[in-house]
Peer 1: 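One structure is given below, represented as structure tokens, and several questions about it will come after.
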Amino acid sequence: MLPSLSYTSANGAAAPSSRGLVLLGSTGSIGTQALDIVRLFPDRFRVRALTAGRNADLLAAQAEEFRPSLVVIQDEAAAPALRARLAPLGIDVLAGEEGLVAAACIDGAEVVLTAVVGFCGLRPTLAAIGQGRTIALANKETLVVAGALVEAEAQRHGATVLPVDSEHSALFQCLVGEDLGAVERVTLTASGGPFRTRPAETFEAITPGEALRHPNWSMGAKITIDSATLMNKGLEVIEARWLFGLDPDQIDVLVHPQSIIHSMVTFVDGSAKAQLGVPDMKVPIQYALTYPDRWPAPHPRLDWTQVASLDFEPPDTDRFPCLRLAFEALEAGGLAPCVLNAANEVAVARFLREEIGFTDIPRIAEAALDLEAGQPTAARAHLDVEALVAADVRARRRAQELRRAVVL
């Protein structure tokens, strides 16, 4: 699934040819930053397709600037107005999931950045893999839900999957030139989120506004809430298992409040590598889009004279049980990661709508896992898309129906 980790860089040689690029989720945090990368290298990228969920105005503005052949809006009601606006430019407009799949498979694209949020990223990612494309993967749910399936399809079609998450990009960068068989363990770092030092007895009172104030990173709402609960780190553990072919007991999580070390690899001889940098998503995005090369860019640099200390502490899974649930789902295998992801998506959405409290997010996720564990298909070894979709639907329905554990 990953490319060969041994290569000869083309840096210093002739300028690389233009790369055809598809951005699934171009109006979100990752998508807009990816387009900033394109602006830095206008002669090296050709934007072939852009997609968005509901932000039709920003999608139209992006299309007018980058002139792709195709844009896709998931909100089908917004498609007619978008089509009328872009028709004079000769840009095709599609809507819904089928539009996402069409964008992922469009001719002339070498790299497909999947930055849509949630389970909806699975089908278009699999479609792009079926075309043998390079996938710059920012949609963590794809590997969380269907890691085994994605791995098998990537091998079958000769597709490459490159990580965009800062932590997995850090591991990947540490492993370039190394033998994966020499890896003893990997350590994913976590900032600890905005509530790292907050007393657990006050968690019931946490508001969405407080949870959306991440101390280090600027991200979308869903991933920011996941960072506050540490579910994001749990999902990254599941991702790492599939990206790097690791056993669950080879993956550690360490809280590192400064977010300077993005992740680390320990090798069988006791040596360790870490990737460090300013907390800025443009660096891992660019690395995925330009691999195996590093192109000069004006991204922020660390000022080492200002790095006073690098602190570390183990995660507290009593206060942040979502991380524990992710490890348990990974160990259980089968449909458990799919169920965990779906229940968490619904619970986070309900929290943002102030229907439930902060501590209800892990309670709902755990209840959904417990309910699924009794299903005869829960531990199926072979999981196709239909089985995953059915489990996703069941888990979402349960997570929506579950009452919060505290008095409403």
Side-chain angles (χ1 to χ4, degrees), residues 18-131 133-142 161-162 164 219-223 281-282 284-286 288-290:
S18 179
R19 300 182 182 187
L21 180 63
V22 171
L23 271 64
L24 304 180
S26 65
T27 61
S29 175
I30 297 296
T32 54
Q33 291 180 84
L35 287 175
D36 285 339
I37 302 299
V38 175
R39 291 184 182 98
L40 288 175
F41 307 102
D43 297 331
R44 299 189 183 186
F45 292 109
R46 293 171 290 106
V47 177
R48 301 288 295 126
L50 299 170
T51 84
R54 296 181 178 275
N55 196 340
D57 287 340
L58 179 54
L59 179 61
Q62 291 174 341
E64 289 165 347
E65 178 180 359
F66 293 99
R67 303 298 176 95
S69 299
L70 173 67
V71 302
V72 178
I73 186 79
Q74 289 177 261
D75 180 6
E76 298 191 13
L82 185 62
R83 190 171 289 117
R85 178 171 171 176
L86 297 180
L89 300 178
I91 298 174
D92 293 331
V93 176
L94 297 176
E97 183 179 69
E98 293 307 313
L100 284 177
V101 171
C105 298
I106 194 170
D107 290 340
E110 288 80 37
V111 181
V112 178
L113 172 67
T114 60
V116 294
V117 176
F119 185 82
C120 66
L122 177 59
R123 285 188 186 273
T125 301
L126 286 173
I129 287 173
Q131 300 292 313
R133 304 281 167 79
T134 294
I135 311 300
L137 187 65
N139 172 261
K140 59 173 46 66
E141 292 82 3
T142 292
V161 179
L162 298 172
V164 171
M219 305 174 291
K222 195 267 183 183
I223 191 173
M281 280 304 302
K282 288 180 182 177
I285 293 169
Q286 179 174 318
L289 297 182
T290 66

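Being a predicted model, the structure only gives us computed values, none of them experimental. Just so you know, residue 1 is the first one in the sequence shown, and it goes up from there.
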Peer 1: Testing Val71, Val101, Leu70, Leu100 for side-chain contact (heavy atoms from CB on, under 4.5 Å) with Leu94, which one passes?
Peer 2: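 It is Leu70; the other options fail the test.
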Peer 1: For a quick test of reading the model, state the closest non-hydrogen atom pair linking Ile106 to Ser69 and the distance between them.
Peer 2: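 Here Ile106 and Ser69 meet closest at CD1-CB, 4.1 Å.
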Peer 1: Please say which of Arg44, Arg48, Arg46, Arg133 ends up in a salt bridge (charged side-chain N to carboxylate O under 4.0 Å, His left out) with Glu110.
Peer 2: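 The residue from Arg44, Arg48, Arg46, Arg133 that satisfies salt bridge (charged side-chain N to carboxylate O under 4.0 Å, His left out) with Glu110 turns out to be Arg46.
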Peer 1: What are the two closest non-hydrogen atoms of Pro42 and Arg39, and how far apart are they?
Peer 2: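 Shortest heavy-atom contact: CD-O, 3.3 Å.
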Peer 1: Show your working on side chain to side chain contact (heavy atoms under 4.5 Å, CB included) between Leu24 and Asn139 and close with a plain yes or no.
Peer 2: CA-CA 9 Å; Leu24 304 180; Asn139 172 261; over 6 Å; no
Peer 1: Specify the closest pair of heavy atoms between Leu113 and Ala34, including all atoms of both residues, with the distance to one decimal.
Peer 2: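 Closest approach of Leu113 to Ala34: CD2-CB, 3.5 Å.
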Peer 1: Quick check: closest heavy atoms across Gly25 and Val116, and the distance to 0.1 Å?
Peer 2: N-CG1, 3.7 Å
Peer 1: Are there over 12 heavy-atom neighbours, none belonging to Arg54, within less than 6.0 Å of that residue's CZ?
Peer 2: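 Not buried by this count: 12 neighbours or fewer within 6.0 Å.
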Peer 1: For a side chain to side chain contact (heavy atoms under 4.5 Å, CB included) check, start with the C-alpha distance between Glu141 and Thr114, then their side-chain angles and the critical distance, and finish with the verdict.
Peer 2: CA-CA 11 Å; Glu141 292 82 3; Thr114 60; over 6 Å; no
Peer 1: Do Glu98 and Val72 come within less than 4.5 Å of each other through their side chains, counting heavy atoms only?
Peer 2: no
Peer 1: Which distance, rounded to the nearest 0.5 Å, do you find between the CD1 of Ile129 and the CG of Leu137?
Peer 2: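 Those atoms lie 8.0 Å apart.
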Peer 1: Drop me the distance from Leu50's CG to Arg67's CZ, to the nearest 0.5 angstrom.
Peer 2: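 Here the interatomic distance stands at 12.5 Å.
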Peer 1: Give me the atom names and distance for the closest heavy-atom approach of Ile30 to Ala138.
Peer 2: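 Closest heavy-atom pair between Ile30 and Ala138: CG2-CB, 4.0 Å.
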Peer 1: Just how far is it from atom CD1 of Ile73 to atom CG of Asn55, taken to the nearest 0.5 Å?
Peer 2: 7.5 Å
Peer 1: So do the side chains of Lys140 and Ile223 get within less than 4.5 Å of each other, counting heavy atoms only?
Peer 2: yes
Peer 1: So how far is it from Arg83 CZ to Asp92 CG, rounded to the nearest 0.5 Å?
Peer 2: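 If I round to the nearest 0.5 Å, the distance is 9.0 Å.
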Peer 1: For Ala84 and Pro88, which heavy atoms make the closest approach, and how far apart are they?
Peer 2: O-CD, 3.5 Å
Peer 1: Can you confirm whether Leu289 sits close enough to Arg19 that some side-chain heavy atom of one is under 4.5 Å from a side-chain heavy atom of the other?
Peer 2: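 When only atoms from C-beta onward are counted, Arg19 and Leu289 do not touch, as no gap falls below 4.5 Å.
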Peer 1: For a side chain to side chain contact (heavy atoms under 4.5 Å, CB included) check, start with the C-alpha distance between Met281 and Val164, then their side-chain angles and the critical distance, and finish with the verdict.
Peer 2: CA-CA 8 Å; Met281 280 304 302; Val164 171; 4.2 Å; yes
Peer 1: Could you give the distance from CD1 (Ile285) to CG (Asp36), rounded to the nearest 0.5 Å?
Peer 2: 8.5 Å
Peer 1: Heavy atoms, side chains only, cut-off 4.5 Å: are Phe45 and Ile37 in contact?
Peer 2: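 Phe45 reaches Ile37 side chain to side chain.
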Peer 1: Tell me if a side-chain donor or acceptor on Ser26 pairs with a main-chain N or O of Thr51 at a distance below 3.5 Å.
Peer 2: yes
